[in-house]
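Working notes, beginning with the structure itself.
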Amino acid sequence: MQQVVCWLLCLGTAAALAVLQKDQVAQHAIKLYRTKGATHGHSWVASNCKRLVGLLRQKNVVVKKLAAAADAVGRDRTLSDPERHFQVHTLEVFQKELNESEHLVFQAVHSLQRALQGDYRDVVNMKESSRQRLEALREAAIKEEQEYVELVAAEKHQQEAVKSALAQNKTLSMLDEILEDVRKAADRLEEEIEEHAFDNNKQMKGVNVEAVLRVEEDEENGGKRKNKSRQKEVEDDLGLSMLIDSQNNQYVLTKPRDSTMPRADHHFIKDLVSVVMLSLPCGWICTLVGLPPMFGYIICGVLLGPSGLNSIKSMVQVETLGELGVFFTLFVVGLEFSPERLRKVWKTSVQGSCYLSLLMIGAGLLWGQVLRIRPTQTVFISTCLSLSSTPLVSRFLAGGSRGDKEGDLDYSSVLLGMLVMQDVQLGPLHRRHAYSYPGTEWRPGQVSLSFCSLHVFLFGSLRVLYLLAQVLVSLAAVLLLCLLLKSFLIGPYYKKLHVESKGNKEILVLGMAAFVFFMLTVTEFFDVSMELGCFLAGALLSTQGHMVTTEVMGCIEPIRDFLAIIFFASIGLHVFPTFVLYELTILLVLTLTLVIMKFVMAVLVLSAILPPGSRHIRWVVSAGLAQVSEFSFVLSSRARRAGIISREVYLLVLSVTTLSLLLAPVLWRVTTHRWVPRAERKTIT
């Protein structure tokens, strides 16, 4: 084996010279090498080959000695079973370290030989070689981590053995005996609760090993990084540091190895404090100048986000908390919907939302033909842009009177009904398999070719019909469950909560939140949008009467308002003023075109489906629908990862969505001032 390594090194060097001589670019390097003298180069190779052979021979001798020592320890009857196992395991770890070092040597030789045989002008080959080296380093890193953990455990066992030996030589007090029993119980507890997540998941399919940076911060020194002298403290830290991978994604701890010690994500706490404290002056200033305060919350997100101070470290956590604001907003919307209002608007809502989506998709396909955009992009973008923001419109409709007269239609009922139906349409888009189907992955270089095939096109159409059938079946199951809950559970459940919450509103708040999350879980289980579950939870409670609705509203509205602030601030995190300024002209043209097109389409649809006596409300409802839902952020990000849309299209969708949300209050105020009587006019809160 040693001779093979020597010959590989020598042949590899000769091959390198042969390859370099064929290339005119490397002639100068060869001349420099030859000026040093061939004898010197040959002696260097020979000496290093001899040194490598000597090291490998020495390694084989040591391995044989380790095997003999392990056999001797195994035959030693004076040692206890744990001590014998510990010593044998220590010898095996050292032997494994030697074998891994030898394996790395041969791996390096093989990598050098492959690199010398390649062509430096072949970027693909160089990339593949780099990928193989990276995989080898990752595997080596995993093995080294395992050996390090085993050595740490061996060190701990050795220290415990020394303590046990010292304890046997002296008499233990009662306190020492108690502490010894507690120590043993604590060791058993740690063994029971430790999940070994690293070892259990490293061999799973789809698991990749990546290099990350661990950033430690010293709170006492104002956030300065810890120095190397505190390496021991870093290793024993609570694990609340931040990890950064090679793609610049940042991670924080979600579950610690030691679950017995409480931990807190200080990054998230600081981010939440910053958002709340800055939202107050921003919202206040907007109120003073006559703008809705939600503008101030969005500006707060812009100032704290990546395009501003970039002080938000836990963006995902802040956005997740803001998502709860959407859930409770839709719950309050459902509370305001009585069964009579639902019966009046359900047909109009279903027809209006479906017709509007179809018109948007048709218009998108026409624009796609003119601009030569792939059908997948146009269909997906049109579907995203056809959705409107329910939380935003619910803020528009806050306060004011409702037209609940029998047989009467009011614009708030029609508008909220259509928005809820659009939330239902999110169900197919939220499905992971909606972005691809078997045999045809939606990728930038393949989609246009796949649509040229009639077979694939028909298969895709059947796939869409199958998804729609799944949604209809899921909706039927959810509505059947709601009917059962309304008949047998809601009344007794609320009465029990009302009795238990007298003098203490905590039970009522907890009970309502639990019911919202229960309906949310049910709709998610049936692959329907979670937002629909929150709305249905409020609608079911509204069947218990006005007194119940008023009491629940008084408890939930403060929570809803606080979470809504976080939600609007999280929207500002995705606003990039520099990009908007660079492309201001095209973004304004696209946004105004989209808003006008949605407004005109909504007017046409509502003119066709509304009764003759209620057509005057079409203008107000159309103004409420003439913006883009914030869920386009999530959907477009998924589409970008799936390869449906490019990075440029993704940024355009984000910017157009943001500008449409900013223009929505202006259009709403103008329309309501023109078409809504002052007594019925809603105020933007």
Partners meeting side-chain contact (heavy atoms from CB on, under 4.5 Å) with [X] (sequence neighbours left out):
{"X": "W367", "answer": "L371, M597"}
{"X": "I507", "answer": "L497, E500, S501"}
{"X": "V670", "answer": "none"}
{"X": "V605", "answer": "Y355, L359, I609"}

Take Y493 and L485 through the test side chain to side chain contact (heavy atoms under 4.5 Å, CB included) and record every step on the way to the result. CA-CA 10 Å; Y493 178 72; L485 292 175; over 6 Å; no

Under a 3.5 Å distance rule, please check whether [X] uses its side chain to pair with a backbone N or O of [Y] as donor and acceptor.
{"X": "T671", "Y": "W668", "answer": "no"}
{"X": "S622", "Y": "V603", "answer": "yes"}
{"X": "S386", "Y": "S357", "answer": "no"}
{"X": "S660", "Y": "V628", "answer": "yes"}
{"X": "S382", "Y": "V379", "answer": "no"}
{"X": "S474", "Y": "V528", "answer": "no"}
{"X": "K598", "Y": "L385", "answer": "yes"}
{"X": "Q627", "Y": "P665", "answer": "no"}

Can you find a pair of side-chain heavy atoms, one from [X] and one from [Y], that are under 4.5 Å apart?
{"X": "S636", "Y": "L654", "value": "yes"}
{"X": "L397", "Y": "Y411", "value": "yes"}
{"X": "M418", "Y": "V414", "value": "yes"}
{"X": "T390", "Y": "E531", "value": "no"}
{"X": "I565", "Y": "V276", "value": "no"}
{"X": "L532", "Y": "L475", "value": "yes"}
{"X": "F567", "Y": "M294", "value": "no"}
{"X": "V552", "Y": "Y494", "value": "yes"}

Using the ring pair (Phe, Tyr, Trp, His ring centres under 6.0 Å) criterion, which residues pair with Y650? Sequence neighbours excluded. none

Which pair of non-hydrogen atoms, one from [X] and one from [Y], has the smallest distance, and what is that distance?
{"X": "L573", "Y": "G301", "value": "CD2-O, 3.4 Å"}
{"X": "Q544", "Y": "G491", "value": "OE1-CA, 3.5 Å"}
{"X": "L415", "Y": "V621", "value": "CD1-O, 3.6 Å"}
{"X": "L278", "Y": "C300", "value": "CB-SG, 3.7 Å"}
{"X": "C286", "Y": "I299", "value": "SG-CD1, 4.4 Å"}
{"X": "T657", "Y": "S629", "value": "CG2-O, 3.5 Å"}

Starting at [atom1] of [X], measure out to [atom2] of [Y] and round the result to the nearest 0.5 Å.
{"X": "I361", "Y": "T378", "atom1": "CD1", "atom2": "OG1", "result": "9.0 Å"}
{"X": "F633", "Y": "T658", "atom1": "CZ", "atom2": "OG1", "result": "4.0 Å"}
{"X": "T348", "Y": "M421", "atom1": "OG1", "atom2": "CE", "result": "12.0 Å"}
{"X": "T521", "Y": "F525", "atom1": "OG1", "atom2": "CZ", "result": "11.0 Å"}
{"X": "I381", "Y": "M360", "atom1": "CD1", "atom2": "CE", "result": "10.5 Å"}
{"X": "L483", "Y": "L540", "atom1": "CG", "atom2": "CG", "result": "9.5 Å"}

Would you mind listing every side chain to side chain donor-acceptor pair (under 3.5 Å) that reaches into residues 293-307, with sequence neighbours excluded? none

Any side chain to side chain donor-acceptor pair (under 3.5 Å) pairs touching residues 278-294, not counting sequence neighbours?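 Qualifying pairs, neighbours excluded: none.
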
Please walk me through it: do I617 and L606 pass side chain to side chain contact (heavy atoms under 4.5 Å, CB included)? CA-CA 9 Å; I617 69 175; L606 293 173; over 6 Å; no

Residues forming a side-chain hydrogen bond (donor to acceptor under 3.5 Å, both in side chains) with S570, sequence neighbours excluded: none

Suppose we screen for side-chain hydrogen bond (donor to acceptor under 3.5 Å, both in side chains). Which residues come up paired with S389, at least two apart in sequence or across chains?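 Listed in chain order: E630.
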
Applying salt bridge (charged side-chain N to carboxylate O under 4.0 Å, His left out), which residue pairs with at least one partner in residues 548-557 are found, sequence neighbours left out?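 Counting only pairs at least two positions apart or across chains, the salt bridge (charged side-chain N to carboxylate O under 4.0 Å, His left out) contacts touching residues 548-557 are K505-E551, E557-R560.
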
Return all side-chain donor-acceptor pairs below 3.5 angstrom for residues 576-591, not counting sequence neighbours, or 'none' if the list is empty.
{"from": "T591", "atom 1": "OG1", "to": "L587", "atom 2": "O", "distance (Å)": "2.7"}

The test is side chain to side chain contact (heavy atoms under 4.5 Å, CB included); show your working for F526 and V473 and say whether it passes. CA-CA 9 Å; F526 285 105; V473 172; over 6 Å; no

Set out, in order, the CA-CA distance, both residues' side-chain angles and the distance that settles side chain to side chain contact (heavy atoms under 4.5 Å, CB included) for F295 and V289, then state yes or no. CA-CA 11 Å; F295 273 158; V289 298; over 6 Å; no

Distance-only criterion, 3.5 Å: show the donor-acceptor pairs between side-chain atoms of residues 319-331 and protein atoms not counting sequence neighbours.
{"from": "E319", "atom 1": "OE2", "to": "H574", "atom 2": "NE2", "distance (Å)": "2.6"}
{"from": "T320", "atom 1": "OG1", "to": "V316", "atom 2": "O", "distance (Å)": "2.7"}
{"from": "T329", "atom 1": "OG1", "to": "G325", "atom 2": "O", "distance (Å)": "2.6"}

